[in-house]
Amino acid sequence: MISSLVLFIILTFHSVAAVPPYGQCGGQGYAGSTQCDPGYVCVKLNDWYSQCQPGGNTPTPVPTTSTPVTTPTVTPTTTSSTPTGTAGPPAPSIPAGTLTRLTNFGTNPSNVGIFVYKPTSVKVNPGLLLALHGCGGTAQQYFSGSGFRQLADQRGFMIIYGSAANDMNCWDVTGANSLTHDGGGDSRALASAVRYALSNWGVNPDKVFVTGTSSGAMMTNVMAGVYPDLIKGGAVFAGVAMGCLSRGNAPVFPADPCAAGQVSRTAQQWGDRVRQAYPGYTGPYPKMQLWHGTSDPVLNYTNLNEEVKQWTNIHAYSQTATTTSSGVPRQNWSKSVYGSGLVEGYTGQGSGHGLPESGTEASAIDFFGL
Ligand SMILES: *[C@@H]1O[C@H](CO)[C@@H](O)[C@H](O)[C@H]1NC(C)=O
Ligand SMILES: *[C@@H]1O[C@H](CO)[C@@H](O)[C@H](O)[C@H]1NC(C)=O
């Protein structure tokens, strides 16, 4: 009780002004707040990232305090957990309306923190969104710093927020384990959480989606490519194609060639990289929505085209858009639809790295049909 109260107060405080613990507070191209929560100072890690750390200098990954899963506030109308896909009380063990840490959800080889949000309006057989922060972020930071939670409140789906625990809280998008189906690493941990949700909360297996920003956007492509059996769609906010980054998961200097826009491959090569992750898989692949700003100073805009090549190849589409509309979903953005619509690309003229821009989250949720 006390710890959830403390967590609530901290989250309330975050949404007002300062950067939360381990959040980004500076770096090239960064335009947000440079002021950390009390007890934290802004520490420069490299030219691209400064991070709020306790008192001084030791980079400690995810906060170690855990919020115990408390008993539900609403009494379920029927008993016990429900098997995959059947109707029933959604996640009776998860309290509604608060971010709750989930422990013992299965194989977690890289110590990923898993936090779940069940809105008070949760539907029976709810959809599930996996939401992934950028480098230096946490589940708590992405919970309070993006608009997905409000959409869950409006539409009744559940959200799992992950917290990466290694590489300056960047997701593992380069390791062979993480890039292989059930091979281990961060992707395995996130897959465990999704499988747990499917087995125990009555989540609709046809409505499991993933989204994320920056490193979380790269991880969105990874989850879609490595676990196409679990993930039905992805929304990638300022990422790179799966298998593009090569010099580790955290920002480096000089910039990774992929981040700098120097990696170009054929659609066939990008598609093969995805297919190699899960040899023998013959089922469908997720629908994908890809967002990038033309003035992104961290991950060069050319990466959008590489992602389009990757996913149009997977869906056997032409790389030429079937329709393009400008001013969608807002001024300075344009939307391109590929093939029969399972791939969408969004270009933000003059937009930087700070995606999703306010209000654009709804376009992802609409695309998913959540
Ligand atoms: C982005 O990449 C393209 C293609 O490699 C290059 O021409 C351009 O200069 C890069 N932009 C920046 C800001 O580095
Ligand atoms: C759109 O871009 C123009 C210049 O290209 C800029 O003046 C304007 O502020 C931008 N609008 C938005 C909503 O970002």
Side-chain angles (χ1 to χ4, degrees), residues 129-135 137 142 146-148 159 161-162 164 170-174 178-179 186-187 190 208-228 230-245 249 258-259 261 263 265 267 270-271 273-274 277 285-294 296 298-315 317 319 321 329 333-339 341-348 351-357 360-368 370:
L129 180 66
L130 183 59
L132 305 173
H133 61 75
C135 281
Y142 209 51
S146 61
F148 296 112
I159 307 181
Y161 294 90
C170 301
W171 294 101
D172 185 356
V173 296
T174 58
S178 197
L179 294 179
D186 286 354
S187 69
L190 295 172
V208 177
F209 304 101
V210 58
T211 191
T213 294
S214 190
S215 176
M218 301 179 195
M219 195 61 181
T220 296
N221 279 322
V222 168
M223 290 306 294
V226 178
Y227 292 94
L230 295 176
I231 304 295
K232 305 304 173 186
V236 177
F237 290 98
V240 303
M242 176 181 153
C244 185
L245 214 64
N249 302 312
C258 169
V263 176
R265 295 189 190 136
W270 284 128
R273 185 64 197 87
V274 168
Y285 275 88
K287 57 178 171 182
M288 298 300 289
Q289 195 181 60
L290 311 161
W291 298 72
H292 219 109
T294 59
D296 188 329
V298 179
L299 301 174
N300 188 303
Y301 170 67
T302 56
N303 283 299
L304 176 63
N305 189 40
E306 302 305 311
E307 292 173 309
V308 166
K309 286 193 236 171
Q310 186 160 60
W311 291 108
T312 52
N313 179 267
I314 286 293
H315 289 292
Y317 289 163
Q319 292 165 48
W333 282 86
S334 65
K335 169 187 180 180
S336 296
V337 177
Y338 298 87
L342 297 180
V343 180
E344 292 183 356
Y346 284 82
T347 290
S351 291
H353 194 57
L355 307 188
E357 287 180 3
T360 60
E361 295 96 333
S363 302
I365 300 306
D366 289 343
F367 178 66
F368 296 152
L370 271 176

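For the atom pair E361 CD and T211 OG1, the distance stands at 8.5 Å (nearest 0.5 Å). One distance of note links CD of Q289 with CG of D366; it measures 9.0 Å at 0.5 Å rounding. Taking CH2 from W311 and CE from M242, the interatomic distance works out to 7.5 Å, rounded to the nearest 0.5 Å. Separation of atoms CE (M218) and CG (N249) is listed at 9.0 Å; rounding is to 0.5 Å. Atom OH of Y301 and atom CG of D296 lie 11.0 Å apart (nearest 0.5 Å). Between L299 atom CG and C244 atom SG the span is 9.0 Å, to the nearest 0.5 Å.
The side-chain heavy atoms of T360 and Y346, taken from C-beta on, include no pair separated by under 4.5 Å. Contact annotation: the side chain of I365 approaches that of L129 to within less than 4.5 Å [non-hydrogen atoms, C-beta and beyond]. For the pair R273/L179, a side-chain contact is recorded, criterion being any heavy-atom separation below 4.5 Å from C-beta on. Side-chain contact check for W171 versus H133: some heavy-atom pair is nearer than 4.5 Å. In this structure, E306 and W270 have side chains that are in contact, with non-hydrogen atoms separated by less than 4.5 Å. Counting only heavy atoms from C-beta outward, the side chains of L132 and L190 approach each other to under 4.5 Å. Side-chain atoms of S351 and W291, non-hydrogen and from C-beta on, never get closer than 4.5 Å to each other.
Across V337 and E344, no two heavy atoms sit closer than the pair CG2-CG, 4.5 Å. For the residue pair H292 and G239, the shortest heavy atom distance occurs at CE1-O, 3.2 Å. Closest non-hydrogen pair, A364 versus A235, comes out as CB-CB, 3.6 Å. Across S214 and G134, no two heavy atoms sit closer than the pair CB-CA, 4.3 Å.
Side-chain N or O atoms of N313 include none that pairs as donor or acceptor with a backbone N or O of H315 at under 3.5 Å. Panel note: side chain N303, backbone N300; a donor-acceptor pair is recorded below 3.5 Å. Of the possible donor and acceptor atoms, one in the side chain of T220 sits under 3.5 Å from a partner among the backbone N and O of G212. Panel note: side chain K309, backbone R265; a donor-acceptor pair is recorded below 3.5 Å.
Looking only at atom types and distance, the side chain of E307 has a donor-acceptor partner in the side chain of N221 under 3.5 Å away. Side-chain atoms of S178 and D186 include no donor-acceptor pair closer than 3.5 Å.
Using cut-offs of 30° and 60° for the angle between ring planes, the Y142 and Y161 rings count as perpendicular.
Aromatic pair F368/F209: centroids less than 6.0 angstrom apart.
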